[in-house]
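All heavy atoms count here, side chains included; hydrogens, waters and symmetry mates do not. No experiment lies behind these values; they were computed from the predicted model shown.
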Amino acid sequence: MAAEALMAPGRRVVLAEAMPSPARKFLMAGKSGLNLTKDEPLPEFRARFTAGTGALPVGQRSLDRWRTRRPTPGYFSTEDMGPSEVKAWAEGLGVALFTGSTGRVFPVGMKASPLLRAWLARLGAGGVELRTRWRWCGLEGGFRFEGGQVLRPKVAVLALGGASWPRLGSDAGWVPMLRAAGVELAPFRPANMGFRVSWSGQMARHFGAPVKGAALLVGGAARRGEWVISAAGIEGGGIYELAAAIRDGAAASVDLAPDLEAGVLAARFARPRGKLSVGNWLRRVLGDPVKVALLMEWGRPLPEDPEALARLAKALPLRHEGPMGLYRAISSAGGITDAALTADLELRALPGVFACGEMLDWEAPTGGYLLTGCFSTGLRAGRAAACRLAGL
């Protein structure tokens, strides 16, 4: 996106890609349909972006205070490329789109590769030179790459990714170089990730099973979305929605019956159990063996009083041992801090060098926000670099 903003007749733009082929994480996103953006009003859309992990001490407990302490970074503006602009850009590449019932926007073909091919073709036609297997390794005498190549550009845009899915290229190998150059960095932490749970043996039969029709409660926020029980713990969109708050210390619980008031649920628990086993009796009340398994896993010893049992089922403590690692997180928090950047994403310590995407210390949930955020910051950095070239 930065290269597209920089390309112009008579201007030489080199896109140095460390991997054998470009955009591997973009292609990975296409495996789940390539959710490009979320079609919703811009104020609501922007509200989903927050400053990353450097904005909050670990252990913060209140979700309200967590939100207050995590404002959108000063440089961040999806007005550069918000939902409407992303849709127009993709359609301009000849990619037909559709908007799902939740507002998520996808290519009709549900794949990333056709869009990427069209994009690379447009960049090539505009004179952008793509050089693969060019891994940046130092700043001595210019931008030095493994193999001995050195580039001395008038401006440079860094789009090196964060620290999640390192096998796709975003391995944070750039961190020591920028830190040595005086760029302030916040440590990377996982974002949009699952949480580790040491399950009892009885839970093995439910590995891979989705949790449906439940609500996740964190502070004053409640989200209803499907998530999955895995051998490693809990994962999936319903968890990712509030994962940052849980990661940063907010207590979480699960409402196993969000469509029932506590009194109604208590009345159901008060019915005679007869000869039914505890598990079968709970299954009759809750209607889902996965919910029963979670109640028995995280709620024991179960209270005998129907009202107390209903309260427990409506606010079952989510017990976990911390977030899963960066290697399997969808995105990362941390990176270049707000203070290290100008409003145009220029590095204060390295004039003429700009940065964008997941290198920066911001985060957002899945659902189209992450890609739009990367597009937006890439476009802003590229435009600012072009203005600097023009002496504006």
Original post:
Just wondering, are more than 12 heavy atoms of other shown residues or ligands nearer than 6.0 Å to CD in Glu261?
Top reply: no

Subject >> Arg273 atom CZ, over 12 foreign heavy atoms within 6.0 Å >> reply: yes

**OP:** Provide the closest heavy-atom pair for Ala364 versus Leu370 in the form atom of the first, atom of the second, distance.
**Re:** O-CD2, 3.3 Å

Subject >> Considering all heavy atoms, the nearest Leu379-Ala5 contact >> reply: CD1-CB, 4.0 Å

**OP:** If the plane angle is over 60° it's perpendicular, under 30° parallel, otherwise tilted; pick one for Phe98 and Phe106.
**Re:** parallel

Original post:
Which class fits the ring pair Trp362 and Phe49: parallel under 30°, tilted 30 to 60°, perpendicular over 60°?
Top reply: tilted

Original post:
Linking I/L/V/M/F/W/Y whenever their side-chain heavy atoms sit closer than 4.5 Å, directly or via other members, would Leu168 and Met193 fall into one cluster?
Top reply: no

Show me the donor-acceptor pairs within less than 3.5 Å that the side chains of residues 302-311 make with the rest of the protein, sequence neighbours left out.
residue, atom, partner, partner atom, Å
Asp305, OD2, Glu307, N, 3.3
Asp305, OD2, Ala308, N, 2.9

Original post:
Is any side-chain heavy atom of Lys38 closer than 4.5 Å to a side-chain heavy atom of Phe45?
Top reply: yes

Is [X] reaching over with its side chain to a backbone N or O of [Y], donor-acceptor style, under 3.5 angstrom?
{"X": "Glu17", "Y": "Met19", "value": "yes"}
{"X": "Trp165", "Y": "Ala329", "value": "yes"}
{"X": "Lys25", "Y": "Ile330", "value": "yes"}
{"X": "Glu346", "Y": "Gly352", "value": "yes"}

Identify every side-chain donor-acceptor pair in residues 127-134 under 3.5 Å, counting partners at least two apart or on other chains, and give the distances.
residue, atom, partner, partner atom, Å
Glu129, OE1, Arg131, NH2, 2.9
Glu129, OE2, Arg12, NE, 2.9

**OP:** Run the ring-centre check on Phe269 versus Trp281 and record whether the distance is less than 6.0 Å.
**Re:** yes

**OP:** Identify, with sequence neighbours excluded, every residue that meets side chain to side chain contact (heavy atoms under 4.5 Å, CB included) alongside Ala2.
**Re:** Val157

Original post:
Between Thr342 and Arg348, is a side-chain contact (heavy atoms from CB on, under 4.5 Å) present by the stated rule, with each step listed?
Top reply: CA-CA 7 Å; Thr342 70; Arg348 298 184 187 278; 4.0 Å; yes

Subject >> Audit row: Thr372, Thr37, side chain to side chain donor-acceptor pair (under 3.5 Å) steps and yes/no >> reply: CA-CA 6 Å; Thr372 301; Thr37 192; 2.9 Å; yes

